[in-house]
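This structure is a prediction, so every number in the text was calculated from the model and none was measured. First the proteins, then the strands, lettered A, B, ... as listed; each starts at 1. Every heavy atom of this structure was used, including side-chain atoms; hydrogens, water molecules and symmetry mates were not.
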There are 2 protein chains.
Amino acid sequence: MLIQTKFRNASLDHAADVNGILAFSQPSAVSLYNAGATIYGQGDPSGQLYMVEFGTVRLCRVSSDGRRQISAFYFAGEIFGLEADEQRHFYAESVDNTGIRVLRPSDGDKFNESMLKVALQSLTRAQEHLMVLGRQNGAEKVAAFLLDLAARQASDRLVDLPMQRCDIADYLGLSFETVSRILTKLKCSGAIRIPHVKQIELIDIEELEYLRG
Amino acid sequence: MLIQTKFRNASLDHAADVNGILAFSQPSAVSLYNAGATIYGQGDPSGQLYMVEFGTVRLCRVSSDGRRQISAFYFAGEIFGLEADEQRHFYAESVDNTGIRVLRPSDGDKFNESMLKVALQSLTRAQEHLMVLGRQNGAEKVAAFLLDLAARQASDRLVDLPMQRCDIADYLGLSFETVSRILTKLKCSGAIRIPHVKQIELIDIEELEYLRG
DNA sequence: CGAATTATTGAAACATGTCAAGGATCGTGG
DNA sequence: CCACGATCCTTGACATGTTTCAATAATTCG
């Protein structure tokens with residue numbers, strides 16, 4: 001299955017579509033959010049798209065007994081807020097200090113066309129995430145997460161972790177203790193260094209890629 | 001979090017969009033596939049959409065060490081084959097005897113618009129599946145699966161299982177033994193009956209819904 | 001009917017979760 | 001600038017759910 005590496009992160013290369021959206025929308029001013037602020041709630045009316053100007057956004061849902069699943073993170077330059085119907089299925093929060101721009105369609109048709117591309121990229125990412133959640137163990141999940149972040153930050157070695165361990169855990173379907181344990185294990189095996197709690201240096205990228213599968 | 005039940009299966013109610021797609025495409029003749037036949041392979045050029053006429057389709061990927069994840073099932077009336085770029089990220093196979101129609105766009109603009117809806121529904125479904133894979137245990141996963149099938153088959157009590165245990169397992173991120181054990185457990189607890197290996201009768205739907213969360 | 005496949009069930013191994021304690025980090029106010 | 005409290009992170013010990021391996025039973029198909 002060598003083929004699959006060709007697709008990895010295909011969804012991440014969407015600069016062109018971001019430009020497409022921007023060209024046919026009227027961006028509003030940037031709104032600022034502190035860490036942990038609600039951008040929109042589950043059940044809110046949907047309709048507008050958002051672009052992360054700086055900072056980090058998490059898309060979440062909480063079940064009745066309090067378990068939380070984070071379905072996606074969004075970083076600077078990425079677009080979120082697409083919904084299938086008139087209500088939001090997930091709620092969106094800022095992870096750290098975050099600036100967000102609301103996008104309003106100006107040229108309907110072209111905007112729609114760009115939206116399709118954004119939708120397809122979100123779909124691809126969700127599908128990739130399905131692979132990770134369904135069939136990978138803890139170490140493989142964390143390796144995949146770190147490599148994904150590295151690719152999206154366009155930094156080949158030094159990765160920023162704006163979110164806390166608990167966010168990573170709820171994204172990967174693990175407990176935060178397990179995430180912590182795996183990170184120290186990777187550190188001890190020499191695959192990564194942890195210069196700071198919120199910063200990981202990828203040392204043995206081949207090992208991480210091997211882990212990811 | 002009572003809100004979330006309102007969204008469940010929202011993505012499944014897409015008859016309108018299927019009609020939208022059909023109105024602006026030139027459906028070809030129906031192709032027939034035996035159980036386990038390849039409809040398209042990973043890495044194949046993408047472009048065409050497909051509609052299931054009868055039978056069942058599974059969308060899969062296999063990792064280098066042989067673990068398989070099924071990202072979605074498609075049943076009669078449902079559309080699949082949407083991709084973010086020119087190559088297929090997953091491969092598609094028939095689960096049982098299946099009839100499939102290729103859809104070719106005739107009116108580009110309207111076809112595109114319908115595609116957006118299909119994409120958003122696929123996205124919603126993938127996101128719902130993320131919730132199940134990330135934060136539910138075996139019994140909850142199986143309950144969610146049975147209720148999803150019941151909703152899509154529009155049969156409130158008797159659910160057909162065209163796929164084998166192994167397919168269910170690879171869809172839910174479990175081993176097929178665990179799937180089997182959970183089904184017998186649900187049978188013993190009186191939540192379901194298993195009149196046939198490939199047919200489940202939902203007895204205590206409230207219990208299943210409670211399990212699903 | 002018989003062979004091959006698929007499903008069920010059991011026992012033991014393993015990964016991850018849970019509970020609990022201690023340590024690090026951060027922000028705030030003195 | 002330091003000290004304090006609060007939050008977050010790490011680590012350990014134990015409990016639990018799930019997988020794995022193995023054997024048997026059921027089903028399908030020729």
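- Taking side-chain N and O atoms only, A:Thr184 has a distance below 4.0 Å to OP1 or OP2 of D:dT11.
- A cation-pi arrangement is absent between B:Arg165 and B:Phe176, since the terminal nitrogen or guanidinium carbon is not both under 6.0 Å from the aromatic centre and inside a 45° cone about the axis.
- An OP1 or OP2 oxygen of C:dG17 is reached within less than 4.0 angstrom by a side-chain nitrogen or oxygen of A:Thr178.
- Remark: the backbone N or O of A:Gly55 is not paired with any side-chain donor or acceptor of A:Ser94 at under 3.5 angstrom.
- Straight-line distance from the CG atom of A:Asp96 to the P atom of C:dC26: 14 Å, rounded to whole Å.
- For A:Leu174, counting side-chain heavy atoms from C-beta on, the closest listed nucleotide (D:dC9, C:dA7, C:dT16) is C:dT16.
- Atom pair B:Phe176:CZ and C:dT6:P shows a separation of 10 Å (rounding to whole Å applied).
- Each of B:Ala139 and B:Lys198 has a nearest nucleotide on DNA chain D; the 5'-most of these lies closest to B:Ala139.
- Here the P atom of nucleotide D:dG17 and the CZ atom of A:Arg67 are 12 Å apart, to the nearest Å.
- Backbone-only engagement by A:Gly173 is indicated by non-hydrogen atom pairs under 4.0 Å involving sugar-phosphate atoms exclusively.
- Closest to the side chain of A:Arg181, out of C:dT18, D:dT10, D:dT20, is C:dT18.
- What separates CG of B:Leu133 from P of D:dG17 is a distance of 19 Å, to the nearest Å.
- B:Gln136 places its CD atom 11 Å from the P atom of D:dT18, with the value rounded to the nearest Å.
- Taking the side chain of B:Asn137 as heavy atoms from C-beta on, and the options C:dA7, D:dT11, D:dT18, the nearest nucleotide is D:dT18.
- We find that CG of A:Asp65 is positioned 15 Å from C1' of C:dT18, with the value rounded to whole Å.
- Heavy-atom distances to DNA chain D give each of B:Gly138 and A:Met163 a nearest nucleotide, and the one nearer the 5′ end belongs to A:Met163.
- Comparing A:His196 and A:Glu177 by the nucleotide of DNA chain C whose heavy atom lies nearest to each, the residue mapping closer to the 5' end is A:Glu177.
- What separates CD of A:Gln164 from C1' of C:dA24 is a distance of 14 Å, to the nearest Å.
- Ring to ring, B:Tyr50 and B:Tyr40 are close: their centroids are under 6.0 angstrom apart.
- A donor-acceptor contact closer than 3.5 angstrom links the side chains of B:Thr98 and B:Asp96.
- When heavy atoms are screened at a 4.0 angstrom cut-off, A:Ser175 is found touching base atoms of the nucleic acid.
- With rounding to whole Å, B:Leu183 atom CG is found 17 Å from C:dT6 atom P.
- Atom NZ of A:Lys198 has more than 12 heavy atoms from other residues, nucleotides or ligands within 6.0 Å.
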